[in-house]
Q: 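Below: one structure in structure tokens.
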Amino acid sequence: MTDKDGLHDMPLRLSRRQMISGMASLGVLTGGTARSAFGQAPKRVIIPEGDFAPLPIAIPNFVAGTPGDGEVGVSVAQVITNNLKRCGLFAPIDPAAFIERINDIDKAPQFQNWKTINAQALVTGRMTLQADRRLKAEFRLWDVNTGQQLAGQQYFTSPEYSRRIAHIISDQIYERLTGEKGYFDSRVVFVDETGSKERRVKRLALMDQDGFNVRYLTKGADLVLTPRFSPARDEQLITYMEFGQGDPRVYLYRIETGEREIVGNFPGMSFSPRFSPDGQRVIMSLQQGGNSNLFVMDLRSKSTTRLTDTPAIDTSPSYAPDGARICFESDRGGKPQIYVMPATGGSAQRISFGEGSYSTPVWSPRGDYIAFTKQGSGQFSIGIMKPDGSGERILTSGFHNEGPPFAPNGRVLMFFRDPGGNAGPSLFTVDISGRNEQRVPTPGFASDPAWSPLLS
């Protein structure tokens with residue numbers, strides 16, 4: 001069964017092939033002091049677990065290829081600057097300190113001018129509206145100390161996707177300088193909340209990871225909760241739970257078309273299901289009597305398999321990225337704790353042993369950590385631990401913090417914080433080291449965030 005929600009007039013997602021009609025590496029400049037860095041070890045940001053000094057980087061406005069391209073060149077440079085600054089690993093230098101004005105990105109910069117202001121990396125770029133109305137975006141990344149070009153690409157797209165191009169360039173810079181994948185070209189689905197607590201309207205909303213381009217996917221007539229993204233990148237798919245007049249229903253929502261499909265009616269479900277890594281199954285918790293157990297459903301056949309059968313409350317399951325194991329929350333030991341077991345069922349191993357109770361476990365896309373919410377001493381904390389339970393680390397604490405999904409690269413967590421009283425929840429991000437907590441701008445109150453895979 002499918003239906004149209006009526007809120008998808010604007011295209012919400014294009015594949016990289018649809019959005020970018022051409023991409024090529026920019027040739028490495030050989031004039032001046034520039035030398036090829038391809039095939040050589042690039043300069044890398046060392047990312048320790050403790051405090052460290054972010055890498056100083058200079059990002060001048062992108063050169064205008066034609067007189068009318070100045071505004072988009074400024075906008076793209078600003079988006080890249082904001083992305084790199086917000087991630088906490090880079091320290092963009094104030095343009096007021098720049099000595100050299102970049103007018104031609106096909107000539108090597110005067111690197112001494114950038115060394116003088118302590119820049120260690122430099123980004124140059126150009127935006128040009130072509131005769132066919134396509135926007136051509138070019139950028140180069142330089143190691144200021146050696147004069148090496150570390151990266152260079154050009155892209156063609158429609159002018160309305162200039163912010164998306166800026167996110168893709170940000171990911172290229174991030175990966176080249178850290179050795180890790182970026183997360184800027186991604187989206188977040190969340191629950192937008194408006195109105196008083198007694199008459200709160202909750203709508204499913206979608207935005208870029210930096211809080212821009214918010215789009216509403218549902219109208220707010222029915223209560224929506226706990227959206228989840230499919231890890232499959234070829235078709236962006238969301239599952240979420242909706243409470244209407246009857247039992248809660250679980251839907252699949254296809255972002256590209258705006259169509260939604262009912263997975264089923266689940267009277268005893270307390271959270272939306274999560275996808276398997278291949279996107280072909282969903283795992284869920286269903287209540288029967290005073291207890292709840294874990295089940296997995298094949299989305300093609302709609303057949304359901306029971307994974308646990310205990311008198312306890314087993315809930316909040318999440319797959320490991322290889323699909324071999326799951327983590328979940330259970331009170332089988334007396335209070336909510338985190339357990340790990342094979343994805344096909346079997347013996348479960350408890351991995352959390354700290355003070356307080358543990359809930360909402362989520363496995364990192366890298367497989368190295370499990371994030372959780374921890375409650376104790378009147379505080380709700382967001383933390384991580386290794387899959388064997390070792391290395392527990394609290395990242396942030398507050399009156400009510402909850403819902404920690406990972407960014408696609410596994411380095412950043414998003415969560416929502418509700419301060420209580422007449423205020424409402426807001427979204428935040430924090431690095432897995434516990435550094436760099438940042439509020440994510442949203443139009444109103446926001447909760448239950450879920451991060452998409454990289455779009456490109």
Side-chain angles (χ1 to χ4, degrees), residues 7-31 34 36 38 59-84 101-109 122-142 149-176 182 184-187 206-210 212-215 233-236 254-258 452-456:
L7 294 177
H8 57 277
D9 296 331
M10 181 183 296
L12 298 184
R13 183 248 182 189
L14 289 176
S15 67
R16 188 172 189 179
R17 181 175 297 175
Q18 291 171 304
M19 189 201 75
I20 305 169
S21 55
M23 184 184 79
S25 295
L26 290 184
V28 179
L29 299 182
T30 56
S36 171
F38 297 115
I59 309 168
N61 291 335
F62 278 29
V63 175
T66 69
D69 299 326
E71 185 175 344
V72 68
V74 172
S75 174
V76 166
Q78 190 60 56
V79 172
I80 296 170
T81 297
N82 291 342
N83 281 337
L84 298 182
R101 179 182 176 87
I102 300 296
N103 294 310
D104 185 353
I105 71 165
D106 296 322
K107 294 181 180 179
L122 169 66
V123 179
T124 62
R126 177 169 55 214
M127 305 297 293
T128 309
L129 188 63
Q130 307 289 98
D132 61 3
R133 309 307 295 172
R134 291 187 304 164
L135 186 65
K136 180 181 180 181
E138 305 165 89
F139 90 97
R140 299 181 190 273
L141 172 64
W142 300 92
Q149 180 181 312
L150 302 178
Q153 294 283 350
Q154 63 182 13
Y155 307 89
F156 294 87
T157 189
S158 298
E160 62 264 32
Y161 297 116
S162 61
R163 285 189 63 88
R164 174 90 190 274
I165 286 291
H167 291 317
I168 291 172
I169 293 173
S170 300
D171 282 330
Q172 293 278 327
I173 296 168
Y174 185 102
E175 182 173 2
R176 191 61 170 162
F184 304 115
D185 186 28
S186 62
R187 293 194 173 106
L206 182 73
M207 66 182 180
D208 296 346
Q209 53 77 29
D210 57 356
F212 284 80
N213 294 327
V214 176
R215 299 115 185 197
R233 289 171 54 175
D234 56 343
E235 180 187 26
Q236 284 225 303
R254 289 174 172 82
I255 295 176
E256 195 165 349
T257 64
S452 79
L454 276 176
L455 301 179
S456 58

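Only heavy atoms go into these numbers, but all of them, side chains included; no hydrogens, no water, no symmetry mates.
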Q: Can you sort out the partners of T81 under side-chain hydrogen bond (donor to acceptor under 3.5 Å, both in side chains), two or more places apart, ordered by chain and number?
A: none

Q: Go through the structure and list residues passing side-chain hydrogen bond (donor to acceptor under 3.5 Å, both in side chains) with S452, not counting sequence neighbours.
A: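 side-chain hydrogen bond (donor to acceptor under 3.5 Å, both in side chains) list for S452, sorted by chain: empty.
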
Q: Which word best sums up how the rings of F139 and Y155 line up, parallel for under 30°, tilted for 30 to 60°, or perpendicular for over 60°?
A: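 Answer is parallel, since the angle falls under 30°.
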
Q: Over all heavy atoms of both residues, which pair between Q209 and F184 is shortest? Give the atoms and the distance, please.
A: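 Nearest heavy atoms, Q209 then F184: CG-O, 3.1 Å.
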
Q: Got I102 and V63 here, is their nearest side-chain heavy-atom distance under 4.5 Å?
A: yes

Q: Just by modelled atom types, is the G182 backbone N or O under 3.5 Å from a matching donor or acceptor in the E175 side chain?
A: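 Not a single qualifying donor-acceptor pair exists.
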
Q: Side chains of residues 72-80: which donor-acceptor partners sit under 3.5 Å, not counting sequence neighbours?
A:
{"residue": "Q78", "atom": "NE2", "partner": "N82", "partner atom": "OD1", "Å": "3.0"}

Q: Can you sort out the partners of R101 under side-chain hydrogen bond (donor to acceptor under 3.5 Å, both in side chains), two or more places apart, ordered by chain and number?
A: N103

Q: I would like to know whether I169 and Q153 meet side-chain contact (heavy atoms from CB on, under 4.5 Å); could you show each step before the answer?
A: CA-CA 8 Å; I169 293 173; Q153 294 283 350; over 6 Å; no

Q: So if I apply the side-chain contact (heavy atoms from CB on, under 4.5 Å) rule between N213 and each of R163, R164, R187, which one comes out positive?
A: R163

Q: What I want to find out is whether D106 reaches R126 closely enough, with some N-O distance under 4.0 Å, to be called a salt bridge.
A: yes

Q: Is there a donor-acceptor pair closer than 3.5 Å between any side-chain N or O of D208 and the backbone N or O of D210?
A: no

Q: Is it the case that more than 12 heavy atoms not belonging to E71 sit under 6.0 Å from its CD atom?
A: no

Q: Please enumerate all residues that pass salt bridge (Lys or Arg N to Asp or Glu O under 4.0 Å) together with D171, with sequence neighbours excluded.
A: none

Q: Restricting to ring pair (Phe, Tyr, Trp, His ring centres under 6.0 Å), what partner residues turn up for F62, sequence neighbours left out?
A: none

